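Let me begin by presenting the structure, written as structure tokens, before commenting on it.
Note that this is a predicted model, so its numbers are computed, not measured. When a residue number appears, it is its place in the shown sequence, counting from 1. Counting convention: from 1, in listed order, for ligands and their atoms alike. Hydrogens, waters and symmetry mates play no part in the numbers below; they use all other heavy atoms, side chains included.
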Amino acid sequence: MCGIVGYTGRRPAGPILLDGLRRLEYRGYDSAGIALTDDDQRMYVAVATGKLDALVQKVEGHYPPATSGLGHTRWATHGEPSDRNAHPQLDPDGRVAVIHNGIVENFEALRAKYARGPFASDTDTEVLAHMLATRVEAGLDLLDALREVVGEAEGAFSVVVMAVDQPGRLVAARVGNAGGIVVGVGDGEHLLASDLNALLSQTRRVTFLEPGELVDITADAVRYVDLDGADLAKQVEVLSYDPVSATKGPYKHFMLKETFEQPEAVLNAIRGRYLVHPHRVDLSAELPPERFSETWARDLSRIVIVGMGTSMHSAMVGRHYFERFANLPTEVDNSSEFRYRQPVLDERTLVISIAQSGETVDTLAAMDEARRAGCTQITICNTPGAQTTRVADGAILMRVGPEIAVASTKTMLASMVLLHSLALYLGRLRGALSVETEAQQVEAVLRLPSAVGEALDLAPQMQALAEQYAGAEDFLFLGRGLGLPVAMEGALKLKEVSYIHAEGYAAGEMKHGPIALIDEKMPTVALAPQDDVADKMRSNIEQVRARRGEVIAVVSHGDRGLEGVATHLVELPEVDALLCPIVSTVPLQLLAYYIGLSRGADVDQPRNLAKTVTVE
Ligand code: F6R
């Protein structure tokens, strides 16, 4: 969850580290810090509580022209956000600096055993600096020292270290699945970061550390080893990720920009996958037929889709597609529940994971479970090179560019589209799908980018509704069938960016409890498009209205049937009923955004959250 960046080369490291941290700030923003070492074996360290700007104000123009260093933005796990708990953490003599992402679970035992003096912080990180300093002082090479230290530390984490008497050198380790380390290869320089965004303004040539690997960089050399110290060879990958799309442009917030990018995001997700002549889906580039054959598909007995948060909501939409198009029983599970409940799996189960970041610790752990059981795995991910893409047998990339706002928007739409494409593809491989249905669905998807664009035209209406309801303290979101995940997502978005308490509920459940909450102060958003459960939704809306609850009903294009029943109608653009979630999510994103804005919340970086969740 924390952001990590490191640089060694010939240019002043300070500005490069701050630039990297700026791009990583969405990962954690409780505090930030940098450490620089120069050739005279001096270490410059600065930390600041709060957002990155506090650090920038402190250091800009003050740091030495050192050409190596490391930087960190923190999402607190051990110890409150404060200067003393910010990273880098140092040993008592200030000879070794450590930045860390993830959790050292046995840090208390390590503290008792290896303290070199009093601890200055509450972090689980500081003890690593003590342990390293002891070893370096005893003459151990920094890489070997780090190998020994991570060998004793339990948990999943990544760590980057630097020693004052070895300027120009950074050593990093990845232990387990608590977020990756990307190594950037430049001309006469090397970089490290917890994710690609931090590197791409400097280089497109990268390698990725796998769990259990370490890297040792200087300006001119890079060496990879495993935990036993054996050398590893790694191929440099050249990426074509567009760093320009990681800027806000004319938008006030990344969330708004990313919401408005959705027509293009959907287009990028479908390009080359939904074909026009003939109308069919082709995923053979991602799922090579030698591995993902008709025989394999026909032999599948069921699908399990795992993900967290928004990714799980898109999985819930996907379930409908797999059951309908591929005729496969499909379950959806929250990765963190799945991993601990000894799920029944076998070689005939296809496990699909969804993760924007591709580094979510619970989703990676769920994938480990699936791998142990011998399941085939396909992942849907937005981050090229992320860990999920390397663990899965097949990876389908969203291709929507970096998503910077902590609240997911465009990746939700892309995930739903890609689940739809995968369901059609599997359906055809299995012989479960008619040519006509596939053609009709492809045709409908090709219209989606413009339908999503039309949904964005609802922005003024959603802004007006937001102003009307921004004072509410509770919200209910109701849906049935394909509307349920959208309701849950609408509630999640609102909670995240406005801090209003919101519940996303199956409309049929309302009578079994939540109806007790309804009064004139608690608005309800009801997903009520014309589908096979429309009549039932209408009854639920009437039940809310009968208890003086106000209802914002999201309805199909041209459908005025709820006029006079619901308090407000939000009319969706015309779209195939099965694709409705991909369009109806949009006004709910806008509602959440504008309510957050009205309430003065920090929409892009809501309190307590981080974009990539690499701790349990
Ligand atoms: C909500 C949100 C989170 C993520 C969740 C999973 O707006 O962004 O709920 O969806 O943390 O993240 P990924 O998809 O990276 O596994």
* Structure fact -> Of all protein heavy atoms, the one nearest atom 5 (C) of ligand 1 is M308 O, 3.5 Å
* Asked: Tell me: protein heavy atom nearest atom 11 (O) of ligand 1, and distance?
  -> V613 CG2, 4.0 Å
* To do: Assess T411 for proximity to ligand 1: is some non-hydrogen atom of it under 4.0 Å away?
  => no
* **ligand 1 versus M312: contacting region, heavy-atom distance under 4.0 Å** => neither
* **Atoms of ligand 1 close to Q356 [distance to a heavy atom under 4.0 angstrom, numbered from 1]** => 13 (P), 14 (O), 15 (O)
* How far is atom 8 (O) of ligand 1 from its nearest protein heavy atom, and which residue and atom name does that atom have? -> S408 OG, 2.8 Å
* Show which atoms of ligand 1 fall inside a sub-4.0 Å distance from at least one heavy-atom site of E496. => 1 (C), 2 (C), 7 (O)
* Asked: Hey, are the side chains of M412 and E489 touching, using non-hydrogen atoms and a 4.5 Å cut-off?
  -> yes
* Please answer whether the main-chain N or O of E261 pairs with a side-chain N or O of E264 as donor and acceptor at a distance below 3.5 Å. => no
* To do: Distance to 0.1 Å, residue and atom name: give those for the protein heavy atom nearest to atom 15 (O) of ligand 1.
  => S357 OG, 2.6 Å
* Asked: Is the NZ or CZ atom of R599 both under 6.0 Å from the centre of the six-membered ring of Y499 and within 45° of that ring's axis?
  -> no
* Would you check whether I354 has a nitrogen or oxygen atom less than 3.5 angstrom from a nitrogen or oxygen atom of ligand 1? => no
* **Ion pair E210/R390, N-O distance below 4.0 Å** => yes
* **Enumerated ligand 1 atoms positioned under 4.0 Å from heavy atoms of S311** => 10 (O), 13 (P), 14 (O)
* Structure fact -> Within 4.0 Å of some non-hydrogen atom of K493, the atoms of ligand 1 are 1 (C), 7 (O)
* When you measure from atom 16 (O) of ligand 1 to every protein heavy atom, which one gives the shortest distance, and what is it? -> T360 OG1, 2.4 Å
* **atom 3 (C) of ligand 1 - nearest protein heavy atom and its distance** => T310 N, 4.1 Å
* Record the part of T363 in heavy-atom contact with ligand 1 below 4.0 Å; permitted values are side chain, backbone, both and neither. => neither
* To do: Taking all non-hydrogen atoms of both residues into account, name the closest pair between Q387 and P211 and its distance.
  => NE2-CD, 3.3 Å
